[in-house]
Structure formats: C-alpha cells, structure tokens
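Throughout, protein chains are lettered first and strands after them, A, B, ... in sequence-line order, and every chain is numbered starting at 1.
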Amino acid sequence: MAIKFYNTLTHKKEDFEPLNPPHVGMYVCGPTVYGDAHLGHARAGIVFDVLYRYLKHTGYKVRYVRNITDVGHLENDADDGEDKVAKKARLESVEPMEIVFHYMRLYHKNMDALNVLRPDIEPQASGHIPEQIEMVQDILDSGYAYETNGSVYFDVENYAKQHDYGKLSGRKIEDLQSNTRELSSQSEKRNALDFALWKKASHQHIMRWKSPWSVGFPGWHLECSVMSTKYLGDEFDIHGGGMDLLFPHHECEIAQSTAAQGKESVRYWIHNNMITINGQKMGKSLGNFITLDELFAGTHKVLEQAYEPMTIRFFILQAHYRGTLNFSNEALQAAAKGLKRLTRAYYAINKLPVSEKSSLDITAIRDKCEEALADDLNTPIVIAHLFDAANLIGNIQNGKEQISGTGKLALKETFETYAAGILGLDFEEKEQNKTQDKLKPVVDLLLDIRLQSKKNKDFATADKIRDELKASGIVVRDRKDGYDWEIE
RNA sequence: GGUACCUUGGCCGAGUGGUUAGGCGGUGGUCUGCAAAACCAUGUACGGCAGUUCGAAUCUGCCAGGUACCUCCA
C-alpha cells in the first residue's frame, strides 16, 4: 500500500518514496532548551514519534535525528537580540551549559513519560560549531552571503534572483519586503529580510567561538541545515517540525542548503499544527502556557485536575496532526475515559471465552488501521477502529459474538501492534500491576467470601466487603459466577 | 496592512459530491439482589446567503465570525 503524506512544500498529499529504500532519513526540529517543556512540545514529540514508529513498522530502517538547540536562538531578530540560553543563564547566574543540561534532562524526562522514543541521534548545536563555520564559508563562496563587521548575513535579495525564497511558506518576496520594518541606521544588514549566519559576539556575550570572521556564534537557522545533512546526507527524506517554524526557520533552511550545496536537502516537509487553549494559541505572552510538569501534577490554574501522560498522548492522537487541537478540561477528561475503555478492552482479551470458530473478522480491523495510517498518518481513524475492536470484545464478553483461539491472538496482536506499538499507548501500568499482584491473594480471599455471602443472600456482608474495598481504592465488578477487580 | 487557514450535533474531533466516523456526556433499555462494568438503542450536525449540479456539509462566489504567520515559539 502506498503511504501518503502531506508535503508542506507542494501543498498536497504525495506518495512517500524514500530516496534510498529501505533507509529513511528523518530530521525533526527539537526544543530550544531554555525553559520547561510544554504541551506544544508534547504534540510535536508525539506526532513525530508516531511517524517514526509507523515507518519502522512498515519495514523501513529509519534514522531519526532530532536536535537540541542550545546556542544561536535569539530573543528576537534585532541586531541586539540576546541568546535565549545565555539570557536564562545570566538571569540565574549559572553557566549556559547548566541551563542547557537542566532543561534537556527535563525535556527527556517529560518525553519519556509520554512514551516518546528517543531519536537515534540527538545532536546539539553547540557541538557542531566547526561544521557550521564550514557551511557559512560555503554560502559565502556561493555568493549568497556577505560579511559586515565580523558578522555574516544571508543575502536574501540576491538569492531570490535565482531561487524561490518563500516557496515553503507560500510567501512572495515582494510582500515580505513591503511588510518588514525599516532597518535601523546601525544595522549591519543590507536588507531587512537578510538573516544572520554568523554573528560577532559583543563583549558581554559569553557563548562564543573563533571563526574566520570574528569570535562569535552561529545563527539559529544554520544548525538544522548543518546537522540534518551531516547525519542524513545532502539530500534526505523527511524534515518535520511545528508549523510555527515554517517561516522563517524552515524557509531559511531551504535557502541555506540550496545556497551551500546547489540543491535542496529535504524531500518531504511535514508540519504539525498548534495546540490552542480556549481557541487561542498557547504562548508565553498570553499567560495560557501549560508545562508538562504542571499538566502531570495538575498545578496550573486552568487545570481542574492532574492528567496522566498517557491521557495527554491519547488526547493528542485523537486529532489529526495537521489540525489545531483545542485544549480543555472537558476534552481531556473525555480522553481519559476513552483511553480507560480501550485499556480495559485490551486486558479483557485474555479472559475471553474461546469458541470453536470465530464470528468476527479481525484482519479487517488491521487492514483499516493500516489504511488510516497510510493516509497521512490519520491516527484518529486508527483510534476509531480500535474502539470498534473494543466493542467486539464487549460483545464477546456478553456472548453475542464468538471468537476462536487464533482470533483471540489476532485481536491481541492488533492492539499490541497499533495501540501500543504505533500509537505508543502504554497500557502497562507497571507499578500498579505490581501492587495488584501482591494484593491478589488477599483481595481474592475477601471476594471469595463475598461470593459465598451472595449465594447465601447475605447481601449486607457482600456489600460491606465491596464498600470497604472501594474505600481503599479497589473497585469490584461482578461477573457471571465470579468477579473482577482493579485498583483505581 | 499583507498572506494563509479555519467555522461539523452539549463538548472534543474525523470525513467528504449521493451510504452511521469515533470518543466523552445525556436519555431509555439489557444484565445485576443492588451497583459497577459491559452491551444495545437513541442525536438526521456540518457559520450565513447565493450559485454550479440530478444531488453539496463537501465545489465556486460573497458575507459574518475566529485563528495563525509576517518578531521568539512545537
């Protein structure tokens, strides 16, 4: 089956054909590590995690590179913009690298909790200064950059004469020019659209490296062009990131790579959309910014409760990655319940009664899941099919449908492949299961007694046992001639 | 101001020229000693106005509302 992805560059769904099958190179813009990871990071992390898992599932050998931006990302594009990491370091009176490692660890911790797999390579910009200097030189050599006072800028106007600057973001250079503010008289740039490839460090700027032009630091856009091609080759398959990076970041990447090597690097640009809160984009300036730690702990003022990482993951995957996703407590609570239902269905599979033959076609569910994933990674449809499967499981439990031993295995395998393997929904509540195992003899004993009481119509005792267990967090559900229980 | 995009039932969210997306919630029911869980049934939704069409929520135009990008952001 042909896999289709929406390519931002061509504005349409395209068949995915890797350059060197079975190998696939995939680069995704990672975080700038100067602050807590938030819901937006979760979405990008999860979306591309599912893409990564899916490509591997279909048999590709994927090299997944996701960078850590730890230098060069300025507060703004003005000439006096301060490096984000350096600023944070200054404010907290620590080394920039302390900031970098602190937030990188936090990011990893949060992503691990969301069951986001680590990329194969996670390069840091600060570890690739020589390569970045080399690329600046290449761009200078190609004539698409100029040096002013120790800084090097990309010459957008000149580049646009030969190439299409704005092709990715759908912008026209004339519009961009008419919309940019006037250059200040002190500016080193020839044109307001030009962006920095290398900047000379002011004397208070602490993150600095030697280069042929000055002691300074690389421009933000450069690192991605450099590190993607270093690890994936001059040309590679997929470049991902949030839609907010489309312009200028990714547009500049295209320009840089084209200028430096005479051709574009990226074949498929894939962008995830934003998360909104009450219809508005999440942003620091808007004060509606929710970090993942706050979300997991329920400590932000807009949160009615804490939410499990898996609930967040499920919530995000219930929407297609290219649409905006609106956050609300109601929506997250609904997601939590839906996920619980799927989890219960999964655990019920083992206990299903086996019949001679199956009245169900499990392969049809598998096929539909495959089809949905191949159609631009349509995770909400996959989830809808998993709910169909959950429905079947309920019907088998109630004796309305029959399933054979092999059917049962197929059902289990479907959940494991699609829900757990590709969507990355981690059904295993490890700690809880351990407790559950330890308590099993005790709880079973009580429930055996309760069963006997029920037979003797001693409902007072039966209810007392159920109520007491519930008070200690154990929920009992009666089955025909038996019971189920779980720790809530 | 420029450029894009969006508007689906109480909420979240797929989809798309003609057959029920799905989830959560609500209501009724089955099961149960009672519950819980599960299952069944139930909502004829697609911003407004025109147009194209045998037929549009799906295409076109206009209008209204919203959002994003153009500055840092996943």
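- In a base pair of the Watson-Crick type (N1 to N3 plus N6-O4 or O6-N4) or a G-U wobble (N1-O2 and O6-N3), with each distance short of 3.5 Å, A64(B) is matched with U7(B).
- G10(B) and A45(B) have their C1' atoms separated by 12 Å, given to the nearest Å.
- Nearest to the side-chain atoms of Asp244(A) among the listed nucleotides A36(B), A14(B), A74(B) stands A74(B).
- In the set G13(B), A38(B), A74(B), A38(B) carries the atom at the smallest distance from any side-chain atom of Gln397(A).
- The base of C5(B) has none of its N or O atoms less than 3.5 Å from a complementary donor or acceptor on the side chain of Arg322(A).
- At the heavy-atom level, Gly40(A) lies under 4.0 Å from base atoms of the strands shown.
- In this structure, the separation between CD1 on Ile68(A) and CD on Gln124(A) is 6.5 Å, given to the nearest 0.5 Å.
- Here Arg344(A) lies in heavy-atom contact (under 4.0 Å) with sugar-phosphate atoms only.
- To the nearest whole angstrom, the two P atoms, one in C70(B) and one in G51(B), are 41 Å apart.
- For Gln333(A) and G10(B), the CD to C1' distance is 15 Å, given to the nearest whole Å.
- Looking only at side-chain heavy atoms (C-beta outward), Leu9(A) and Val266(A) stay at 4.5 Å or farther from each other.
- Distance CZ (Arg171(A)) to C1' (C70(B)): 5 Å, rounded to an integer number of Å.
- Residue Leu245(A) is in sugar-phosphate contact alone, with no base atom involved, counting any heavy-atom pair closer than 4.0 Å across all strands shown.
- In this structure, CD of Glu304(A) is placed 14 Å from C1' of C12(B), rounded to the nearest angstrom.
- Side-chain N/O atoms of Asn329(A) include none lying less than 4.0 angstrom from OP1 or OP2 on C12(B).
- You'll find that the side chain of Arg477(A) is closest to A37(B), out of A74(B), G23(B), A37(B).
- Listed pair Arg341(A) / C24(B) meets the phosphate criterion, a side-chain N or O lying under 4.0 Å from OP1 or OP2.
- A 3.5 Å limit on both hydrogen-bonding distances identifies no Watson-Crick or G-U partner for C34(B).
- Across all strands shown, Val476(A) has heavy atoms under 4.0 Å from base atoms, whether or not it also approaches the sugar-phosphate.
- None of Arg118(A), Arg105(A), Arg313(A) except one satisfies the salt bridge (Lys or Arg N to Asp or Glu O under 4.0 Å) rule with Asp112(A); the exception is Arg118(A).
- The separation between Tyr321(A) atom OH and G13(B) atom C1' is 17 Å, rounded to whole Å.
- Taking only side-chain atoms of Lys337(A), from C-beta outward, the nucleotide of G25(B), G33(B), A14(B) with the closest atom is G25(B).
- Nucleic acid contact for Phe247(A): sugar-phosphate only, since backbone atoms but no base atoms lie under 4.0 Å from a heavy atom of the residue.
- The shortest distance between the side-chain N/O atoms of Asn273(A) and the OP1/OP2 oxygens of A68(B) is not below 4.0 Å.
- Looking at heavy-atom distances under 4.0 Å, Leu325(A) makes contact with sugar-phosphate atoms alone, never a base.
- For the pair His320(A) NE2 and C12(B) C1', the interatomic distance rounds to 16 Å; values are reported in whole Å.
- Both tests pass for Arg171(A) against the ring of Phe247(A): distance under 6.0 Å to the centre and angle within 45° of the axis.
- Residues Tyr346(A) and Glu416(A) bring a donor and an acceptor atom of their side chains to less than 3.5 Å of each other.
- Across all strands shown, A21(B) remains unpaired; no Watson-Crick or G-U wobble contact has both distances below 3.5 Å.
- Mapped onto RNA chain B by nearest heavy atom, Gly30(A) and Ala460(A) fall at different nucleotides, with Ala460(A) at the one closer to the 5' end.
- Note on Asn395(A): only backbone sugar-phosphate atoms sit closer than 4.0 angstrom, heavy atoms only; bases stay farther off.
- For the ring pair (Phe, Tyr, Trp, His ring centres under 6.0 Å) criterion with His249(A), the lone passing option out of His239(A), His271(A), His221(A) is His221(A).
- How far CG of Leu39(A) is from CE of Met274(A): 12.0 Å, rounded to the nearest 0.5 Å.
- Relative to the ring axis of Tyr6(A), Arg322(A) places its NZ or CZ within 45° and under 6.0 Å from the centre.
- Residue-to-nucleotide proximity on RNA chain B shows that, of Met274(A) and Asp478(A), the 5′-proximal contact is made by Asp478(A).
- The distance between atom CG of Leu423(A) and atom P of G22(B), rounded to the nearest whole Å, is 18 Å.
- For the pair Lys172(A) and G2(B), the criterion of a side-chain N or O lying under 4.0 Å from OP1 or OP2 is not met.
- In this structure, Glu401(A) contributes its side chain and Ile396(A) its backbone to no donor-acceptor pair below 3.5 Å.
- Closest approach to the Ala334(A) side chain among C24(B), G33(B), A14(B) is made by C24(B) (side chain taken as heavy atoms from C-beta onward).
- Within the 4.0 angstrom heavy-atom criterion, only backbone atoms of the sugar-phosphate kind lie near Ala331(A); the bases stay farther away.
- Across the C1' atoms, C34(B) and U7(B) are found 47 Å apart, a figure rounded to whole Å.
- The partner of U71(B) cannot be assigned: no Watson-Crick or G-U wobble pair with both contacts below 3.5 Å exists in any strand.
- Ranking A74(B), G13(B), G22(B) by closeness to the Arg43(A) side chain, first place goes to A74(B).
- Across all strands shown, U52(B) forms no Watson-Crick or G-U wobble pair with both key distances under 3.5 Å.
- The separation of C46(B) from A38(B), taken at their C1' atoms, amounts to 32 Å, rounded to a whole angstrom.
- Under 3.5 Å, the side chain of Asp463(A) and the base of G33(B) form at least one donor-acceptor pair of N or O atoms.
- Across every strand in view, U42(B) sits in a pair with G26(B) that passes the Watson-Crick or G-U test at under 3.5 angstrom.
- In this structure, the CG atom of Asn272(A) is 14 Å from the C1' atom of A68(B), given to the nearest Å.
- Comparing C34(B), A74(B), C40(B) by their nearest atom to the side chain of Lys400(A) picks out C40(B).
- A gap of 14 Å separates the P atoms of C63(B) and G1(B), to the nearest Å.
- Going from the P atom of G28(B) to that of G13(B) covers 29 Å, rounded to whole Å.
- Nucleotides U53(B) and U60(B), compared at atom P, are 16 Å apart to the nearest Å.
- Here Ala389(A) lies out of heavy-atom contact (under 4.0 Å) with every strand.
- When the C1' atom of C6(B) is taken as reference, atom CG of Asn326(A) falls 12 Å away, rounded to whole Å.
- With P as the reference atom, G25(B) and G15(B) are 24 Å apart, rounded to whole Å.
- A donor-acceptor contact shorter than 3.5 Å links the side chain of His300(A) to the backbone of Phe289(A).
- Within 4.0 Å of Asp484(A), counting heavy atoms only, lies no atom of the nucleic acid at all.
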